J.: 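Attaching a single structure in structure tokens format; questions to follow.
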Amino acid sequence: MTTIAKFEVKYQQYLDADGKLKNKKAPAIAKDFDKLKELYRGMALIRQLDTKAYALQRTGKMGTYPAATGQEAIGVGFGAAMKDEDVLVPYYRGQASMVMHGVRMEEVLLYWGGDERGSDFQNEKARQDFPIAVPIATQSLHAAGVAKAMQMRGEKRVVFTEIGEGGTSQGDFYEALNVAGIWNLPVVFIINNNQWAISVPSEIQTACETYAQKAIAAGIDCVQVDGNDMLAVYQASLDAAEKARNGGGPTVIECISLRLCDHTTADDASRYRPDGELEEGWKKEPMVRLRKYLEANKQWSQEEEDAMQAEIVAEVQQSVDNYLNTPVDTPESMFDYLYAELPERTLAQRELAIARGAK
Amino acid sequence: MTTIAKFEVKYQQYLDADGKLKNKKAPAIAKDFDKLKELYRGMALIRQLDTKAYALQRTGKMGTYPAATGQEAIGVGFGAAMKDEDVLVPYYRGQASMVMHGVRMEEVLLYWGGDERGSDFQNEKARQDFPIAVPIATQSLHAAGVAKAMQMRGEKRVVFTEIGEGGTSQGDFYEALNVAGIWNLPVVFIINNNQWAISVPSEIQTACETYAQKAIAAGIDCVQVDGNDMLAVYQASLDAAEKARNGGGPTVIECISLRLCDHTTADDASRYRPDGELEEGWKKEPMVRLRKYLEANKQWSQEEEDAMQAEIVAEVQQSVDNYLNTPVDTPESMFDYLYAELPERTLAQRELAIARGAK
Amino acid sequence: MAAITLIEAVNLAMAHEMEKDKDIVVFGEDVGVNGGVFRATDGLQAKFGAERVIDTPLAEAMIAGVAIGMAAQGMKPIAEIQFMGFIFPAADHIISHCARMRNRTRGRLTLPMVIRAPYGGGIHAPENHSESTEAIFAHIPGLKVVIPSNPSRAYGLMLAAMRDPDPVIFLEPKRVYRIEKHEIEDNGEEYPLGMCFVDREGTDITLISWGAMMHETKQAAEKLAQEGISAEVIDVATVSPLDIDTILESVQKTGRACIVQEAPKAGAVGSDIAAEIAEKAIMHLLAPIGRVSGYDTMMPYYRLEKQYMPKVEHIVEEAKRIVEYR
Amino acid sequence: MAAITLIEAVNLAMAHEMEKDKDIVVFGEDVGVNGGVFRATDGLQAKFGAERVIDTPLAEAMIAGVAIGMAAQGMKPIAEIQFMGFIFPAADHIISHCARMRNRTRGRLTLPMVIRAPYGGGIHAPENHSESTEAIFAHIPGLKVVIPSNPSRAYGLMLAAMRDPDPVIFLEPKRVYRIEKHEIEDNGEEYPLGMCFVDREGTDITLISWGAMMHETKQAAEKLAQEGISAEVIDVATVSPLDIDTILESVQKTGRACIVQEAPKAGAVGSDIAAEIAEKAIMHLLAPIGRVSGYDTMMPYYRLEKQYMPKVEHIVEEAKRIVEYR
Ligand SMILES: Cc1ncc(C[n+]2csc(CCOP(=O)(O)OP(=O)(O)O)c2C)c(N)n1
Ligand SMILES: Cc1ncc(C[n+]2csc(CCOP(=O)(O)OP(=O)(O)O)c2C)c(N)n1
Ligand SMILES: [Mg+2]
Ligand SMILES: [Mg+2]
């Protein structure tokens, strides 16, 4: 037999779990401390947002909510690599990248709080971003479509889309990779490999050694990175975006992390998570490691940490207040955005809903 | 960056286009001339069946029919590698493997002639085989399910399923590979790469260099073979079946061939096929090459050829007669197999259909 | 004998039948250790092993397609779709294969399989978790679509679904998963599929519903009784194939019909029932056929879901309008 | 002005609008060089280039999903599904996303897209190529489902579909693709969506149909006329959202209604129409509401398809039964 094609999957890590720079050839971001502080702050913000959302849910003021605890480097990292004019097509645990790309935290809360206005992103940057796709993996195809539109119009814009490692088992994910490959689309597929799909671990999700290699089935580029290493996530995202922006086509970036929380507020991971996993996981999580790196480089102090935390707490609290102060939408809002113009047949129902709502 | 996974795709060809044994390490089948004659006859039979079906369609006695001209080695080759107790889950252009696994030619004709009885395979060997799946790629998942049942029951049986190269773009194909990988199922996925999906050539079907490599996305084994080389197809199928039968799990076999006919009787390939392709293609087709090999080994003569052709013509004609002599089924047959027991609500419709049919 | 909820009844039925029938296999996303996100399969893996209670990769087309393959081999898969909103990737397998296999092979291959899914609104669930799209599958000949409204029926109908030689879509109204308990003896006695239940006899109007809405419907009947209106209440239970005879019989008696459903009104199962009545019992009708439905709009996110869903008072109101119709 | 067939009218409408609106992109399997398996897109690639008339890989979920992404960017994709039987892999995208995007983003993202598919039986096509499953999509709020019955309507409705700011499922009754020709001026004049056409005025009964069955229905009306029965004939054209007012108006006048459809009867669009009449115009009815339908069974393979499909004489028979009803 002759070998007719060869492939390999590469792995990138710069910062190890102790925040030490392992890699000699560190990218420019490793010395861009202002940017790194911004990214660190981004992670802290998302963690605080998740904490608050959880608390709201526990007190009956929030619906089911999926925290991203432990995976903050992924969404914050690739979100920061996006330009304003790029488009985000998030997955449901995508609050980190969403907030990085301009979605307001109160919008995230409104969405999970059961209000459609949470997907009516007000920030100009996010105006073209997709709302969360709850049906797993469908977003991958929407991302390809957005990228196709950009490509047809000759725009230098890039689409980022995220998916869980469990979501990669869906046909939609693969179909998206395939079409992105054949059309050479400007899209970056981020796989958030947090090692769990609700209660299903990777061992029973796929026989693949890596999720990155799924790109090979579509003939597109891929890389696996330490998803708890902000430097690796950010740099890989930047590289992929740059490539896509310049006509180099799609990339799959697998970011390995660990879900350090329940799947959602509706879940109880103690039913299935092996003993010790959380303890081990917390030792590798992304925030401490970046903080240690900043500290080792004399770029961060306890005072700065305290000041930042205070700021963040206030910022999130403001969003929570805005969320809580948003009155429930009107009954007629159920109808007013269904079509550009409500069909004759449904007008009477709209009236009925208003009348019933008024009671 | 460190390399964390490596893959390669191998290619196998034994007989070149001139019927010369290219490969020193030819498998046993290369000297099993009785078997080779059987396989040669299988191909001739399918080509005659296709020819007849086409003629029937052209004279209004047959519906749309998909010939397999030029791809006979694929279906005949893997069909012959199957044991009686194995299960075939065919694709719609699957008549070659179907007939090899015991489906009667008149059943093939009945199916495409618009009669459900064409899927009620009478031969014991084919009794558990799936009917043709017209919705492309769905069969891949059914094959995985059949294999799962065999595995659960501890049976030493294998499932073969075929798909066109175009069909591999469907999510179902990938989902099937993925689940077959994770469950280590006894299933062989044959990709019939005839280089066209109706009018769509491979260049706009995928960015992959090979279709075989799609297996890498599922962590399963794959190989690419010359699909016009009966030895390669047969041997790869046999090896994959043996492996699966012994708990070694699934394999993807890409067989490269060329569709030497229109997509179906409803198609006109001259609209899209580049000039010269057919001429080139006929030089590589599988029958002549096997015949040359047999002849070079003094295993085949013009007399044998003539005798075989006469036999085959008669055999196919008998099937055609049986097909044509099968009266149209009764109107009530539309109802009698819908459920084990027809619902009350539908009984009156059944009566109505009988009454209307009697007019 | 213990008092159990609807979801416990589904669980009990599965456990009962798995014990007796080794061909039954349960699979889906998170059905194993986790016991399903609603705990419908709780304890089954511990009892029957990971070989028979299988966590699958995350892919609904795969779940349905694999179930078809297994069923064709004579196994009896019970496939869980985590929420009905996620059944659509499996639509092709359900519509193009499940429903048709027996017919297209003239009975050679049959598919004794069950697809279970929680469905409907009212539990403050996230987007895509609350729709009622039973009409889609009810329109497909070859399928059976069954919706239990209470624990006893869940137990009996689930048993029947597992024993049925043909594919059954078993939709569980999750709003009433835990709303009431019934004393259920685990005796393996099934309720027949394809049969309505007459839950209350009455003379003035027939109220027809299924699933979670049965609860509002029965309450409405109670209120109507207090106002001197005698409502007959029918639980359709199997929305396809419909047991239209029981409905027609009732309507012939009462002369008035009102259908109650959670789904959007246009093209819903209620339309089918109304059409059947309008075709076969119109001469007995004393008033228009009423339908109390969800609105013809997207199921709203949960802050507005109460505004969307039919309520007891809406049923009472519509029933009175019909009864008072001259 | 030339006399053209229904499929040529679809082609003409696309060519017309693509000329004017650079955001329109046509894509699907074999729509390019091959011009579609029925030639609906014939010549479009030659005219507008492979950039705007795109052959896709073989994957319907992809086709629908990519269309959604493009439309959200303000492009106007026309996605072809080769046969309606192959739309189901795309069901999730159509139901969970297409239908909902405007509403869930409060109008921020909208999807001006068309999904075209040939549908229905009667052309001796292979398995899965002949079903009529419009009811599935007609039940989904947020979609429009349009079915032209003749060349002029195909031209006008297709123009409207392309210009519509919301997703339209455009189902082409392939049995009548080439059955008749209309003189069509390529003037870009659209027919409004969401509106029935009254094709024949009458006083004794209202015959309601759409798509290919309009041909049998009109013939039936003709035959009825010969027997002294005056039938009003309505072409529904947009099966969702339904223009129920036009239908009710007619039924109020004639007092009798018969719906003609090719789909299986249970839960079909005809049920919805009947239910609406039974709710809103029952007091005007002088007879049961008839439905001439396909049977509640799988669409048979082609040798039996004639036995399956409603015929002129069935319509005449049912109409007479209704008219003579006492
Ligand atoms: C099509 C579909 N099926 C099932 C679900 C239910 N569900 C929500 S999240 C989830 C697991 C997702 O796991 P993964 O993709 O790894 O993402 P993670 O939650 O780990 O971020 C499942 C099964 C869904 N939302 N959509
Ligand atoms: C889901 C689905 N989509 C579309 C079709 C229509 N169709 C029939 S064959 C075909 C092309 C198949 O190409 P390929 O898979 O390469 O197989 P080949 O015909 O070359 O053997 C298409 C698009 C179908 N049958 N099913
Ligand atoms: Mg995960
Ligand atoms: Mg092909």
Side-chain angles (χ1 to χ4, degrees), chain B residues 63-66 92 110-119 131-138 164-173 197-201 204-206 263-264 266-269 271-272 326 328-331 333-335 337-338 342-343 345-346 349-350 352-353 356-357 359, chain D residues 28-39 42 45 50 54-63 65 82-83 85-90 92 123-130 264-266 292-311 313-314 317-318:
Chain B
T64 305
Y65 183 87
Y92 69 96
L110 273 168
Y111 178 84
W112 293 109
D115 193 317
E116 284 82 354
R117 288 169 297 184
S119 293
I132 282 169
V134 168
I136 302 266
T138 52
E165 91 293 343
T168 69
S169 292
Q170 293 275 16
D172 276 12
F173 173 69
I198 308 188
S199 71
V200 178
I204 54 179
Q205 190 68 248
T206 182
H263 166 67
T264 63
D267 179 51
D268 171 11
R271 289 175 71 92
Y272 52 80
T326 307
V328 176
D329 213 341
T330 60
S333 72
M334 292 191 287
F335 298 90
Y337 306 91
L338 186 64
L342 194 66
R345 181 181 183 174
T346 317
Q349 292 186 6
R350 182 177 181 277
L352 185 63
R356 284 174 174 175
K359 275 188 200 166
Chain D
E29 297 155 10
D30 306 290
V31 300
V33 185
N34 203 33
V37 294
F38 287 104
R39 310 290 176 249
D42 199 19
Q45 192 178 71
I54 308 167
D55 279 322
T56 64
L58 206 175
E60 286 77 11
M62 183 277 290
I63 290 171
Q82 202 160 74
F83 287 85
F86 308 135
I87 205 168
F88 301 114
D92 195 22
I123 64 159
H124 277 203
E127 196 176 2
N128 299 107
H129 286 66
S130 300
K265 193 171 181 183
V292 180
S293 283
Y295 300 117
D296 287 322
T297 187
M298 188 184 99
M299 177 79 189
Y301 295 2
Y302 81 74
R303 267 184 154 191
L304 282 173
E305 73 178 337
K306 270 211 182 133
Q307 298 281 349
Y308 172 88
M309 291 178 31
K311 293 200 231 341
E313 70 232 45
H314 305 155
E317 210 173 289
E318 179 68 357

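Numbered from 1 within each chain, the chains take letters A, B, ... in sequence-line order. Worth saying up front: this structure is predicted, and the values here are computed from it rather than measured. Note that these values count all heavy atoms, side chains included, but never hydrogens, waters or copies made by symmetry.
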J.: With a 4.5 Å cut-off on side-chain heavy atoms, are B:Ile198 and D:Glu29 touching?
T.: no

J.: Examine whether an atom of D:Glu60 lies under 4.5 Å from a heavy atom of chain B, and if so say whether it belongs to the side chain, the backbone or both; otherwise answer neither.
T.: both

J.: Heavy-atom distance under 4.5 Å to chain B: side chain of D:Phe83, backbone, both or neither?
T.: neither

J.: When heavy-atom pairs shorter than 4.5 Å are enumerated against chain D, which of B:Glu116, B:Arg345, B:Met334, B:Arg350 gives the highest number?
T.: B:Glu116

J.: Taking all non-hydrogen atoms of both residues into account, name the closest pair between D:Leu58 and B:Gly167 and its distance.
T.: CD1-N, 3.9 Å

J.: Taking all heavy atoms of B:Thr330 and all of D:Leu304, pick out the closest pair and write down the distance.
T.: O-CD1, 3.7 Å

J.: Which atoms form the tightest heavy-atom contact between B:Pro331 and D:Gln307, and what is the distance?
T.: CG-OE1, 3.7 Å

J.: In terms of heavy-atom proximity below 4.5 Å to chain D, should B:Thr326 be classed as side chain, backbone, both, or neither?
T.: both

J.: With a 4.5 angstrom heavy-atom cut-off, is it the side chain or the backbone of B:Asp267 that approaches chain D, or both, or neither?
T.: side chain

J.: Restricting to non-hydrogen atoms, name the atom on D:Pro126 and the atom on B:Trp112 that form the minimum distance, rounded to 0.1 Å.
T.: CB-CZ3, 3.9 Å

J.: Over all heavy atoms of both residues, which pair between D:Tyr301 and B:Ser119 is shortest? Give the atoms and the distance, please.
T.: OH-OG, 4.2 Å

J.: Can you tell which part of B:Ile136 gets under 4.5 Å to a heavy atom of chain D, answering side chain, backbone, both or neither?
T.: side chain

J.: For B:Leu338, is it the side chain, the backbone, both, or neither that has a heavy atom closer than 4.5 Å to a heavy atom of chain D?
T.: side chain

J.: Which atoms of D:Asp30 come close to chain B, meaning under 4.5 Å heavy atom to heavy atom: side chain ones, backbone ones, both, or neither?
T.: both

J.: Looking at B:Ala197, B:Pro343, B:Gly118, B:Ala353, which makes the most heavy-atom pairs under 4.5 Å with chain D?
T.: B:Ala353

J.: Yes or no on side chain to side chain contact (heavy atoms under 4.5 Å, CB included) for D:Lys311 and B:Arg356, after CA distance, side-chain angles and deciding distance?
T.: CA-CA 10 Å; D:Lys311 293 200 231 341; B:Arg356 284 174 174 175; over 6 Å; no

J.: What pair of heavy atoms forms the shortest contact from B:Gln205 to D:Pro57, and how long is it?
T.: OE1-CA, 3.1 Å

J.: Is it the backbone or the side chain of B:Ile132 that comes under 4.5 Å from a heavy atom of chain D, or both, or neither?
T.: backbone

J.: Is a side-chain N or O of B:Arg271 found less than 3.5 angstrom from the main chain of D:Asn34, in a donor-acceptor match?
T.: yes

J.: Quick one: what part of D:Phe86 sits under 4.5 Å from any heavy atom of chain B, side chain, backbone, both or neither?
T.: side chain

J.: Rounded to the nearest 0.5 Å, what separates atom CG in B:Leu342 from atom OG1 in D:Thr297?
T.: 8.0 Å

J.: Using only heavy-atom distances, determine whether the side chains of D:Glu127 and B:Tyr92 contain a donor-acceptor pair under 3.5 Å.
T.: no

J.: Under the side chain to side chain contact (heavy atoms under 4.5 Å, CB included) rule, what do B:Arg117 and D:Arg303 come out as? Steps first, then yes or no, please.
T.: CA-CA 11 Å; B:Arg117 288 169 297 184; D:Arg303 267 184 154 191; 3.9 Å; yes

J.: Can you tell me which of B:Thr64, B:Asp115, B:Thr264 forms the most heavy-atom pairs within a distance under 4.5 Å of chain D?
T.: B:Asp115

